[in-house]
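Encoded as structure tokens, the structure appears first; notes follow it.
In what follows, residues are counted from 1 in the order of the sequence shown. Computed from a predicted structure; not experimentally measured.
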Amino acid sequence: MAVAEVRDGIARWCELFNRGDSKGLAEMYTEDCKMLPPNAKMIEGRQACEKYLGNMIASGCKAAQDHPCHDIQTGTDAANEGDTLWVCDKYKTITPDKPSDVEYFKDIVIWKRVNGSLMIYMDIWNADK
């Protein structure tokens, strides 16, 4: 069940990102979330994440439609009875006005169950070079 929830969450994240909905994206993150983007300082809290994601969206970046969800690897925190789930994934982004401008990334995302829903607690990514 958790893997299906994560797949749905990733699909929703891509949908919101490509639609330009930084507020909707931010609502997928916990209040005390942390983002560790490449070559940038750590971003803490939902509001700061919303601003960062909004800037990414404004740059024209899009999450690739063929997001390779089959690369998901998961683990759970047994001490918290499965309330924490980690995901190791690979994906790519595109810039629509520059189709050859494709970037490949890898990430680790830590999801926490909050009031019954899986939410993103920590989002860490960097580029494949």
Side-chain angles (χ1 to χ4, degrees):
M1 179 176 180
V3 171
E5 285 180 275
V6 169
R7 286 181 196 273
D8 291 347
I10 291 171
R12 176 118 175 96
W13 194 99
C14 290
E15 174 191 327
L16 292 168
F17 188 86
N18 289 339
R19 198 169 54 200
D21 187 351
S22 59
K23 182 169 179 54
L25 280 169
E27 289 172 2
M28 292 185 67
Y29 289 78
T30 63
E31 287 288 340
D32 60 343
C33 65
K34 295 172 180 46
M35 294 177 94
L36 286 80
N39 304 314
K41 292 182 179 182
M42 181 169 32
I43 297 148
E44 298 183 69
R46 187 182 284 164
Q47 286 183 321
C49 287
E50 180 179 348
K51 182 177 178 182
Y52 186 86
L53 291 165
N55 289 337
M56 284 179 62
I57 290 166
S59 76
C61 180
K62 298 283 183 190
Q65 296 299 318
D66 61 345
H67 192 280
C69 292
H70 61 273
D71 287 338
I72 293 173
Q73 300 172 27
T74 62
T76 59
D77 178 1
N80 290 316
E81 299 179 6
D83 287 342
T84 304
L85 177 83
W86 61 265
V87 176
C88 181
D89 198 8
K90 293 186 266 184
Y91 63 97
K92 66 182 177 181
T93 61
I94 56 173
T95 305
D97 58 344
K98 299 178 192 171
S100 62
D101 190 9
V102 176
E103 290 189 79
Y104 294 88
F105 293 88
K106 57 205 171 275
D107 67 3
I108 293 179
V109 180
I110 299 173
W111 297 74
K112 282 174 58 174
R113 196 165 299 281
V114 178
N115 297 324
S117 298
L118 278 180
M119 300 183 76
I120 300 170
Y121 169 63
M122 192 169 295
D123 196 351
I124 307 162
W125 72 95
N126 56 47
D128 278 347
K129 294 288 180 180

Between CE on residue Met119 and SG on residue Cys33, distance to nearest 0.5 Å: 8.5 Å

message: Under 4.5 Å between side-chain heavy atoms, counting indirect links through other Ile/Leu/Val/Met/Phe/Trp/Tyr residues: same cluster for Met42 and Tyr121 or not?
response: yes

field: Rounded distance (nearest 0.5 Å) linking atom NZ of Lys34 with atom CD1 of Ile120
entry: 14.5 Å

query: Would Leu53 and Met35 satisfy side-chain contact (heavy atoms from CB on, under 4.5 Å), going step by step from the backbone distance to the final call?
result: CA-CA 10 Å; Leu53 291 165; Met35 294 177 94; 3.7 Å; yes

field: Atom pair CH2 (Trp111) and OG1 (Thr30), whose distance is rounded to the nearest 0.5 Å
entry: 11.0 Å

- request: For Ile124, check side chain to side chain contact (heavy atoms under 4.5 Å, CB included) against everything at least two apart and list the hits.
  value: Leu36, Met122

task: Salt-bridge test for Glu5 and Arg113: reply yes if a basic N is under 4.0 Å from a carboxylate O, no otherwise.
output: yes

field: Interatomic spacing from CD1 in Ile108 to CG in Asn126 - rounded to 0.5 Å
entry: 9.0 Å

From Cys49 atom SG to Asp123 atom CG, the distance as rounded to the nearest 0.5 Å: 7.5 Å

task: Please collect all side chain to side chain donor-acceptor pair (under 3.5 Å) contacts where either partner lies in residues 39-56, sequence neighbours excluded, each pair once.
output: Glu31-Arg46

- request: Starting from the C-alpha separation in whole Å, work towards a yes-or-no answer on side-chain contact (heavy atoms from CB on, under 4.5 Å) for Met28 and Leu16.
  value: CA-CA 10 Å; Met28 292 185 67; Leu16 292 168; 3.8 Å; yes

task: Using ring pair (Phe, Tyr, Trp, His ring centres under 6.0 Å) as the criterion, list what pairs up with Phe17, not counting sequence neighbours.
output: Trp13

task: Just do the side-chain contact (heavy atoms from CB on, under 4.5 Å) check on Leu25 and Ile57 with the steps written out, would you?
output: CA-CA 11 Å; Leu25 280 169; Ile57 290 166; 4.0 Å; yes

message: Set out, in order, the CA-CA distance, both residues' side-chain angles and the distance that settles side-chain contact (heavy atoms from CB on, under 4.5 Å) for Trp125 and Lys106, then state yes or no.
response: CA-CA 6 Å; Trp125 72 95; Lys106 57 205 171 275; over 6 Å; no

